[in-house]
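Here is the structure we will look at, set down as structure tokens.
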Amino acid sequence: MIHRRRLAVLSLALAAAALSPLSAAAQDRGVPARASETHYRTARVGDVNIFYREAGPRDAPVILLLHGFPTSSHMFRNLIPLLADKYRVIAPDYPGFGQSDAPDHRRFDYGFQHYADLVDGLVQQLGVQRYAMYVMDYGAPVGYRLALKHPERVSALIVQNGNAYEEGLKEFWDPIKAYWADGSATHRDALNVLVTPEMTRFQYVDGVADVSRISPDNWVHDQALLDRPGNRDIQLDLLRDYGSNIPLYPKFQAFFRQYKPPTLIVWGKNDKIFPADGAGPYLRDLPDAELHLLDTGHFALEDKLGEMAPLIRRFLDRHDAALRARAATRTGGGR
């Protein structure tokens, strides 16, 4: 009986260790061993249901996680628990992605300004007045448009393969630029390749040294959602609208210079979609930004979570400590 009981305890301990998202060494670098549970919720914003993941204390500093194409808040599933012991983490799905509604593209505006407005509506419903933003891929123009609306609300930026400079739009974008130029059916149809299983897998494995580290669940999950009836047209509408972001790049850059949000850049340098050419220019407008080019591809979190999570955590903790120190000084608490 005692022997069986000891075996049961040992099994539970081994199971707990296996479930730990990062190694003990990573935890020593500032990543918590335990964190709060993630909740999966839906809010009605305007005339659409927005799904979001939320974790962490409700009165804690907020981190808004804004996902890229062709994924959803699913891309943050492993990062969220590593931040949520100390921060309130909110990760929405845009309409047409993940678990949010996907109305017919003929009666719904699939555009980046609309997405920014919907995210704005969501965070206001949640009572959030200030937030750090993690922006990746499509999340960059969504987040930066949100920053133009409410610059005073942005406390910090974490940028991961999210473009705001024309230097970052290289050869990959040439057929998309052709579509921007004339909007023709021929150029639209040429982009069908971007929603195929081969391209979805490519975005996860290209530029990754050890592909065995990347779970195929990623592209299977994303492709199942891309293959929903009508979703191809949603994605092609968004690819057309992405061109509307380019004229806003000077405004995004002016926001960086004027408001100088503390910024961490963690960028997969082997990404062919948003190459490292787009990372360095941030330092022109944010010279105090912290830049890390990682030896991986587009979805860096899938490959380099063990490196990225401690960098993100230390950045946020330093930023949070600086904010608290300034607040204490203003109220006389620092005397």
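All residue numbers refer to positions in the sequence shown, counting from 1.
No donor-acceptor pair under 3.5 Å is formed between the side chain of Glu302 and the backbone N or O of Ser215. Remark: side-chain polar atoms of Asn245 are paired, donor with acceptor, to backbone N or O of Tyr242 under 3.5 angstrom. A donor-acceptor pair is defined here as one N or O able to donate and one able to accept, closer than 3.5 Å; no such pair exists between the side chain of Asp271 and the backbone of Ala276. Checking side-chain atoms of Lys260 against main-chain N and O of Arg257 turns up a donor-acceptor pair under 3.5 Å. No donor-acceptor distance shorter than 3.5 angstrom exists from the side chain of Asp241 to the backbone of Gly111, with no hydrogens or angles considered. Using a distance-only test at 3.5 Å, with no hydrogens or angles considered, no donor-acceptor pair links the side chain of Asp227 to the main chain of Ala224. Put simply, the side chain of Thr196 gets close to the backbone of Val193: a donor and an acceptor are under 3.5 Å apart. Within the 3.5 Å criterion, the main-chain N or O of Val48 finds no donor-acceptor partner in the side chain of Asp101.
Put simply, Ile312 and Val62 are part of two different groups of oily side chains (I, L, V, M, F, W, Y) that touch within less than 4.5 Å, one to the next.
The line from CG of Leu311 to CG of Leu294 is 7.0 Å long, rounded to the nearest 0.5 Å. To the nearest 0.5 angstrom, Tyr179 atom OH is 5.5 Å from Arg240 atom CZ. The CD1 atom of Ile234 sits 8.5 Å away from atom CZ of Phe108, with the distance rounded to the nearest 0.5 Å. Note that NZ of Lys170 is 15.5 Å distant from CD1 of Ile273, once rounded to the nearest 0.5 Å. For the atom pair CG of Asn218 and CD of Gln223, the computed distance is 12.5 Å after rounding to the nearest 0.5 Å. Separating the CD1 atom in Ile158 from the CD1 atom in Ile265 is a distance of 11.5 Å, to the nearest 0.5 Å.
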Result block: side-chain N/O donor-acceptor pairs under 3.5 angstrom for residues 39-47, not counting sequence neighbours:
{"from": "Arg41", "atom 1": "NH1", "to": "Glu54", "atom 2": "OE1", "distance (Å)": "2.9"}
{"from": "Arg44", "atom 1": "NH1", "to": "Asn49", "atom 2": "OD1", "distance (Å)": "3.3"}
{"from": "Arg44", "atom 1": "NH2", "to": "Asp47", "atom 2": "O", "distance (Å)": "3.0"}

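A salt bridge between Glu290 and Arg314 is absent, with no side-chain N of the basic residue lying under 4.0 Å from a carboxylate O of the acidic one. Here Arg313 does not pair with Asp320 in a salt bridge; the nearest charged N to carboxylate O distance is not below 4.0 Å.
For Gln124, the side-chain hydrogen bond (donor to acceptor under 3.5 Å, both in side chains) test picks out Asp120, with sequence neighbours left out. Every residue meeting the ring-ring contact (aromatic ring centres under 6.0 Å, His included) condition with Phe274, not counting sequence neighbours, appears here in chain and number order: Trp173. Partners of Tyr131 by side-chain hydrogen bond (donor to acceptor under 3.5 Å, both in side chains), not counting sequence neighbours: none found. Scanning for side-chain contact (heavy atoms from CB on, under 4.5 Å) contacts around Ala91 gives Arg53, Leu65, Ser73, Phe76, Ile80, with sequence neighbours left out. In terms of the side-chain hydrogen bond (donor to acceptor under 3.5 Å, both in side chains) criterion, residue partners of Asp117 (sequence neighbours excluded) are, by chain and number, Gln113, Lys149. Remark: Tyr110 pairs with no residue by the side-chain hydrogen bond (donor to acceptor under 3.5 Å, both in side chains) rule, at least two apart or across chains. Considering only residues two or more places apart in sequence or on other chains, Asp174 meets the side-chain contact (heavy atoms from CB on, under 4.5 Å) condition with Glu171, Lys177. Not counting sequence neighbours, Tyr52 has no partner by the ring-ring contact (aromatic ring centres under 6.0 Å, His included) test. In this structure, the ring-ring contact (aromatic ring centres under 6.0 Å, His included) partners of Tyr259, at least two apart in sequence or on a different chain, are Phe255.
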Take Ser72 and Gln99 through the test side chain to side chain contact (heavy atoms under 4.5 Å, CB included) and record every step on the way to the result. CA-CA 8 Å; Ser72 62; Gln99 304 300 316; over 6 Å; no

Could you walk me through whether Thr71 and Phe97 satisfy the side chain to side chain contact (heavy atoms under 4.5 Å, CB included) test, starting with their C-alpha distance in whole Å, then the side-chain angles of each, then the deciding distance to 0.1 Å, before giving a yes or no? CA-CA 7 Å; Thr71 185; Phe97 293 84; over 6 Å; no

Applying side chain to side chain contact (heavy atoms under 4.5 Å, CB included) to Met308 and Gln160, what does each step give before you reach the verdict? CA-CA 10 Å; Met308 294 172 67; Gln160 188 245 300; 3.8 Å; yes

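Under the 30°/60° scheme for interplanar angles, the aromatic rings of Tyr115 and Phe112 are found to stand perpendicular. By the 30° and 60° cut-offs, the orientation of the rings of His221 relative to His74 is parallel.
Shown here for Pro61 and Lys86, the closest heavy-atom pair between the two residues is CD-O, 3.9 Å. The minimum heavy-atom distance linking Ser100 with Tyr94 is given by the pair CB-O, 3.6 Å. When all heavy atoms are compared, the tightest approach of Ala55 to Ala84 is CB-CB, 3.5 Å. Of all non-hydrogen atoms in Pro57 and Arg88, the two that sit nearest each other are O-CB, 3.2 Å. Taking all atoms of both residues into account, the shortest heavy-atom contact from Val135 to Gly143 is CG1-CA, 4.2 Å. The two residues Gln235 and Gly96 come nearest to each other via the heavy atoms NE2-O, 3.6 Å.
Side-chain N/O atoms of Asp137 and Asn161 include no donor and acceptor closer than 3.5 Å. Tyr249 and Asn163 share a side-chain donor-acceptor pair at under 3.5 Å. For the 3.5 Å distance criterion, the side chains of Tyr87 and Asp317 qualify, holding a donor opposite an acceptor.
Applying the ring pair (Phe, Tyr, Trp, His ring centres under 6.0 Å) rule to pairs touching residues 186-210 yields Tyr204-Phe299, sequence neighbours excluded. For residues 200-215, the set of pairs meeting the salt bridge (charged side-chain N to carboxylate O under 4.0 Å, His left out) definition, not counting sequence neighbours, comprises Asp206-Lys272, Arg213-Asp303.
Taking a 6.0 Å sphere around CD of Glu166, one finds it holds 12 or fewer heavy atoms contributed by other residues, nucleotides or ligands.
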